[in-house]
Number of protein chains: 2
Amino acid sequence: MTRRPTIADVARTAGVSPSTASVVFSGKTPVSDATRERVRAAAASLGYAGPDPLAASLRRGRSGIVGVVFEEHLGAAFLDPVKTLMMDGLADAVAPLGAGLLLLRDEALTENAPTLSTAPIDAAVLIGCSGLLRDSLELVRARGLPVVVVEGDAGDGVPRILLDNREAQRQAADHLRRLGHRSVAILTLPLDAGRRRGWVPADAEIAIDVTRERLAGARDVFPDAVAYAAAGSFIDEGLAAGRVLFADPANRPTAVIAQSDLLAAGVVRAAEEAGLRVPADVSITGFDGVQVDGLAPYELTTLVQAAAEKGRATGAAIAAMLEDREPASILLTCTFREGSTTGPVPS
Amino acid sequence: MTRRPTIADVARTAGVSPSTASVVFSGKTPVSDATRERVRAAAASLGYAGPDPLAASLRRGRSGIVGVVFEEHLGAAFLDPVKTLMMDGLADAVAPLGAGLLLLRDEALTENAPTLSTAPIDAAVLIGCSGLLRDSLELVRARGLPVVVVEGDAGDGVPRILLDNREAQRQAADHLRRLGHRSVAILTLPLDAGRRRGWVPADAEIAIDVTRERLAGARDVFPDAVAYAAAGSFIDEGLAAGRVLFADPANRPTAVIAQSDLLAAGVVRAAEEAGLRVPADVSITGFDGVQVDGLAPYELTTLVQAAAEKGRATGAAIAAMLEDREPASILLTCTFREGSTTGPVPS
DNA sequence: TTGTAGGCGTTATCAC
DNA sequence: GTGATAACGCCTACAA
């Protein structure tokens, strides 16, 4: 025989009708033990490995696949521990739906690759913030698929999963203020897709929501704090920025508010390099609450965001939409955690 | 109208046959400009977003999805820079096929989740090494799907993507020997799924291929070198192990061969901590050639594996099988790169 | 408990 | 260049 056996072949061999055979595999309707056995045996003898997922999907109108759209190269995305954790949570959350995650790149970035418009997905998760996202959003909505946007600017009627970035960052700033700090520098995430490194002018346009909100939170407490933008969320970026911040001994901040833990870790290293003790000479806060490999023995004072929970919430929203329930936008809150990198202002 | 429009609706509205409408969207056959326009217009007016991927897939017998099976939690997998890079390469390589990557967890780990046996995939990539892999392999073969195994023990007829671990590691060891080192310690990756940390007895059974082969390569040059196993490939693990290796000043290796760059980075840090200069007092080699965030200013002496290339090779093998060509197993070679962490043995 | 019938939405083939 | 026809393989009312 040349072609793969179908459920019809199995049914024929077992001497039952196709629908009965189908039921044996789906288990949706009771079947007598004898029949089940016969069908099973027939399947085994033919080397039938179960219903073709494609045909089943078409019939059901569901593929069991959730597309996750990234704006960047996959490698870049997974360099970010927060995204990794969030994917983890998302995977957990969609698993009970019987759904898997399909990695997709933003339409604009792909050639003849599989895309939002041609992939057999039941729903989509858009991650990120930039303008490309709008196009992707259009595509998905045109197809009438449920969408959830994570930490991005979505617009009307699209459920979003957000973080209380501003409020949280304000807490960290408050903590520093209570410790007596007045001369504070802020190390921000990239301002826009350009990812230029450097001082942030007072009137800078900040295209990326996360960056803007965390900065606002810090400025709520320290309106005049200088800000320096990193080109990405990496330890080495934090190190480079830290060198700049600590360059002038006469005019050095007593505390640095970094917008990510990786950046903060780099700043810690820059401080060490400059002969400064943390937190005796300089206090440093992070953001994210991820485990930074290689930072021991320090423990960052930081804002712990429930990254995996973010993924789970996203999954829940997807589940809701798939079941025609109203999905809720969700605002997750961060928890302030005091570590060993902040202390009283040096006298 | 309540249900989504189909290509038949579009065809009717445009006054053409369904097949013609189909051709307009697929572009597989020339169509007159006028007709194309009319179909496009009809589609737009009906809000038709293009052919349903599920139906198209069924018809074509291809879903355009490649399943990637991990043995571990997704989060854990993406913590490993080599895997991340390899995913990146894989994504690149399958994109031209019009395929996307579906993240799957090993069958054993999942509840009613989407799996190898129910997901609409055209091919599968199995990553890893343990025994579970065998089960997954069975499932996939039962479905008659093309499979590629990356760095795992696959068995008969399954194309594999492998690295010249032993030979490569030998090069690094040779390098150290030529520099005069005689007292060398080896820091290995985990020995098995148990991931126990500690000295490796001479007669230890090593279940994980990569660990075993790299160890063998090092021992080809230094048969009597002691070996210590880390519990994972992390900087902090390297640090912890380094502390052990450097604990006794009287009996301290002059060189450490670490089986991954992350481990090596930790060892560098442990050396600093112990007041040892690298490479003046101790030489350290890594493996992988990944960019270790936060290690600057050191540059590891290491073996550069083309991780992304590994992914690309995997994709190529998949492509070959999908086109009924014979897929080749591939042995990739690592390149020795001398950095700033190795030097002559201290006199 | 089992069988019958119809269709999910598309596209390949072939004839015109 | 365009159109009729026939699957792709399965599932689910509904009837028996």
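Per chain, numbering begins at 1; letters A, B, ... match sequence-line order. Just so it is clear, the structure is predicted and the values come from calculations on it, not from any experiment.
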*asked:* Using whole Å, what does the distance between atom C1' of nucleotide dT11(C) and atom CG of L54(B) come to?
replied: 15 Å
_Between dC11(D) (P) and L58(B) (CG): distance, integer Å_ = 12 Å
*Report yes if some heavy atom in the side chain of L116(A) is under 4.5 Å from a heavy atom in the side chain of I121(A); otherwise report no.*
yes
*Can you tell if the side chain of P120(A) reaches within under 4.5 Å of the side chain of I65(B), non-hydrogen atoms only?*
yes
*State which of dT1(C), dT10(C), dG3(D) makes the closest approach to the side chain of S32(A).*
dT1(C)
_Separation of E309(B) CD from L85(B) CG (nearest 0.5 Å)_ = 12.0 Å
_Is any side-chain heavy atom of F78(A) closer than 4.5 Å to one of K83(B)?_
no
*V31(A) or Y48(B), whichever maps to the more 5' nucleotide of DNA chain C*: V31(A)
*Rounded off to whole Å, could you give me the CZ-to-P distance for the R4(A) and dC8(D) pair?*
14 Å
*What nucleic acid atoms does I7(A) come within less than 4.0 Å of, heavy atoms only: base, sugar-phosphate, or nothing?*
sugar-phosphate
*Are OP1 or OP2 of dT2(D) and a side-chain N or O of T35(B) less than 4.0 angstrom apart?*
yes
*Could you work out which one of dG3(D), dG9(C), dG9(D) sits closest to the side chain of A55(B)?*
dG9(C)
*How many angstroms lie between atom CD of E151(A) and atom OG1 of T314(A), to the nearest 0.5 angstrom?*
9.5 Å
Could you give the side-chain donor-acceptor pairs of residues 323-331 of chain A under 3.5 Å, partners two or more places apart or in another chain?
residue, atom, partner, partner atom, Å
E323(A), OE1, R325(A), NH1, 2.2
S329(A), OG, R160(A), N, 2.9

*Let me know the distance between CZ of R12(B) and C1' of dG9(C), rounded to the nearest Å.*
13 Å
*Rounded to whole angstroms, how far apart are CZ on F25(A) and C1' on dC11(D)?*
14 Å
Pairwise N/O distances under 3.5 Å, protein to nucleotides 12-16 of chain D:
none

